[in-house]
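The structure appears below as structure tokens.
Note on naming: letters A, B, ... go to the chains in the order of the sequence lines (proteins, then strands), and numbering restarts at 1 for each one.
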Number of protein chains: 2
Amino acid sequence: MSNPFIKKLSRFVVLGDEEVGALEHLSRNPRDFKGGHDLILEGAKPEYVFLLMEGWAYRYKHLKDGSRQILAYLLPGDLCDIHVFLLDEMDNSIGLLCDSKVVMIPAGEVLSVMDQFPKIERALWWATLVDEGTLREWLLNVGQRNAYQKLSHLFCELAVRMKAAGLVDDDGSFSLPVTQIELADTTGLTSVHVNRTLKRLRDEKMITIGSRRLHILDPERLAEVAGFSQEYLHVEGEPVEMKLRTRLGKVG
Amino acid sequence: MSNPFIKKLSRFVVLGDEEVGALEHLSRNPRDFKGGHDLILEGAKPEYVFLLMEGWAYRYKHLKDGSRQILAYLLPGDLCDIHVFLLDEMDNSIGLLCDSKVVMIPAGEVLSVMDQFPKIERALWWATLVDEGTLREWLLNVGQRNAYQKLSHLFCELAVRMKAAGLVDDDGSFSLPVTQIELADTTGLTSVHVNRTLKRLRDEKMITIGSRRLHILDPERLAEVAGFSQEYLHVEGEPVEMKLRTRLGKVG
DNA sequence: CGCAAGTTTGACGCTGCTCAATCACTGTGG
DNA sequence: CCACAGTGATTGAGCAGCGTCAAACTTGCG
């Protein structure tokens, strides 16, 4: 299963051949995009749903004073803006952090696949719920933790998600094409303070960071510092549909 | 239409008689709960979906050090924890801010209504997307704005939501059964600093606050200070389903 | 090689936190 | 009807985590 989209939805429902076929059809023809560019800007009329097949993207929003909040990182298999259906215009921008492969799916096509395959609709809904859970963790992170804990928590989360996407090396390191400025805009800090905090994490031998890679040297201690537990990401165990079947004695 | 749940879902889809009937059936028999109590605590096995019919609830989460982040306020018509389906156990708690009427819907019942009425399923999904958008605004708020702007933004949001629920008085004031401690845990500030910031907003004649009510005296200036614009709440205009039909030339 | 972008470090200051005391409000019981 | 307790609001004094400003250094790339 090399299609990260199908791999991801399989965490939620058990897909039949027809459904796999439909998803493969949806994700045919990814286009190559250069890193540093934006897929879509706040205010644009959304026509496509962007599906990331390879690379890194991020969702962000600007304030009038120029400050920026990064709202999510998007990894292979993630839909960038399924909430497009609601919007007359985009309420956030999506940028690419490195060269990436992206499928642009016309919004109507997503809708008709959902109409045809209720299971896919439900899987997409569940994916949305995971995104929401992640957002809640981010809010907790930004609202309540100090700089040291914030960065630790972010790194723990990214490690788990990258692992689930099969993108962590044997030595435990993974690509992190993110500048300290971006880490700052993610956590609500300044890049100067991020820099000092990274130095501390490095000095304490918990991480190695540089040349766009992160290596977590001491995962246990990092998770301890962050107060991290990975349940909210729902990357482990059998598909949600199966768990639900067991729990409620019925098919979702 | 006195049923706030139906009223809310009607913002997303045009409901037929059967669907209205099903929703009315779902929301029969609200139970009375006392304010200050919790509906469900983090770690509990979720069996019911809580539907708030009257009153105020909030979603929150604790850190081990005892600090708390409030993640959402729930108003009449809101489902408190539809994401229950995903969870083996609750990853957040839900508390009541005042005496409230709540329907406890068995999780399986929600599922079977969604199976029977795709439109309702889609409306619930859209409601989830609005929640997610709100969460993104909160993240922006907590991450990037200062205390003065944070509180202004929160008040603007609550005013719009209360208005949509038909709970704002003619004089523009509305019930806000929230202590300064809770405002602090919402915005990532301390109650002392919230107090000082409220004083400033009062001194500048933008709000009146007290005895569990908020009166916004100068909505324009408050929105200006906050950088608030209400689109993300999707309380205005025709139902999303209709807009979509116009936009895509097809039925969602 | 030389620029551009990002990282690192220092000095200093402010927003918002901590600690703590006092005040106001509301509901309770004698 | 009043004393009292508990909760929340208010205010002050002092402080620290993180921000600002600025300069130097490092890295990647055409």
task: Give a yes or no on this: more than 12 heavy atoms of other residues, nucleotides or ligands lie within 6.0 Å of atom OH of B:Y48.
output: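 12 or below, so no.
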
task: Return the set of residues passing side-chain contact (heavy atoms from CB on, under 4.5 Å) with B:A164 (not counting sequence neighbours), or none when no residue passes.
output: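 side-chain contact (heavy atoms from CB on, under 4.5 Å) list for B:A164, sorted by chain: B:R11, B:V235.
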
Going from [atom1] on [X] to [atom2] on [Y], what distance comes out if it is rounded to the nearest 0.5 angstrom?
X: A:D203; Y: A:R196; atom1: CG; atom2: CZ; result: 13.0 Å
X: B:S173; Y: B:L217; atom1: OG; atom2: CG; result: 10.0 Å
X: B:T134; Y: B:E157; atom1: OG1; atom2: CD; result: 5.5 Å

Inter-end axis angle, the helix from C:dC1-D:dG30 to C:dG30-D:dC1, with every axis fitted to five base pairs (rounded, 10 degrees):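 Its terminal axes enclose an angle near 40°.
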
Spacing between [X] atom [atom1] and [N] atom [atom2], to the nearest angstrom:
X: B:Q180; N: C:dG16; atom1: CD; atom2: P; result: 16 Å
X: A:R212; N: C:dT7; atom1: CZ; atom2: C1'; result: 14 Å
X: B:Y148; N: C:dT15; atom1: OH; atom2: P; result: 14 Å

query: Please, which pairs that meet salt bridge (charged side-chain N to carboxylate O under 4.0 Å, His left out) have at least one residue in residues 215-226 of chain A, sequence neighbours excluded?
result: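 Sorted pair list: A:D218-A:R221.
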
Do any side-chain atoms of residues 182-189 of chain A form donor-acceptor pairs under 3.5 angstrom with protein atoms, and if so which ones, sequence neighbours left out?
| from | atom 1 | to | atom 2 | distance (Å) |
| --- | --- | --- | --- | --- |
| A:E182 | OE1 | A:T179 | N | 2.9 |
| A:E182 | OE1 | A:T179 | OG1 | 3.3 |
| A:D185 | OD2 | A:R68 | NE | 2.8 |
| A:D185 | OD2 | A:R68 | NH2 | 3.0 |
| A:T186 | OG1 | A:Y73 | OH | 2.6 |
| A:T186 | OG1 | A:E182 | O | 2.7 |
| A:T187 | OG1 | A:L183 | O | 2.7 |
| A:T187 | OG1 | A:A184 | O | 3.4 |

task: May I ask you to decide if the ring planes of A:F228 and A:H153 are parallel, tilted or perpendicular, using 30° and 60° as cut-offs?
output: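 It falls in the perpendicular class, over 60°.
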
message: Tell me whether the rings of B:Y60 and B:H62 are parallel (<30°), tilted (30 to 60°) or perpendicular (>60°).
response: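 Ring orientation, 0 to 90° scale: perpendicular.
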
message: Can you pull out the residues from residues 181-202 of chain A that lie within a 4.0 Å heavy-atom distance of DNA chain C?
response: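 Heavy-atom cutoff 4.0 Å gives A:V192, A:N195, A:R196, A:K199, A:R202.
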
message: For a 4.0 angstrom threshold against heavy atoms of chain B, report the outermost contacting nucleotides of DNA chain D in 5' to 3' order.
response: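 It runs D:dG8 to D:dA13.
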
- prompt: Is B:R136 close enough and on-axis enough to B:Y232, meaning under 6.0 Å and within 45°, for cation-pi?
  reply: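 Negative - B:R136 is either too far from the ring of B:Y232 or too far off its axis.
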
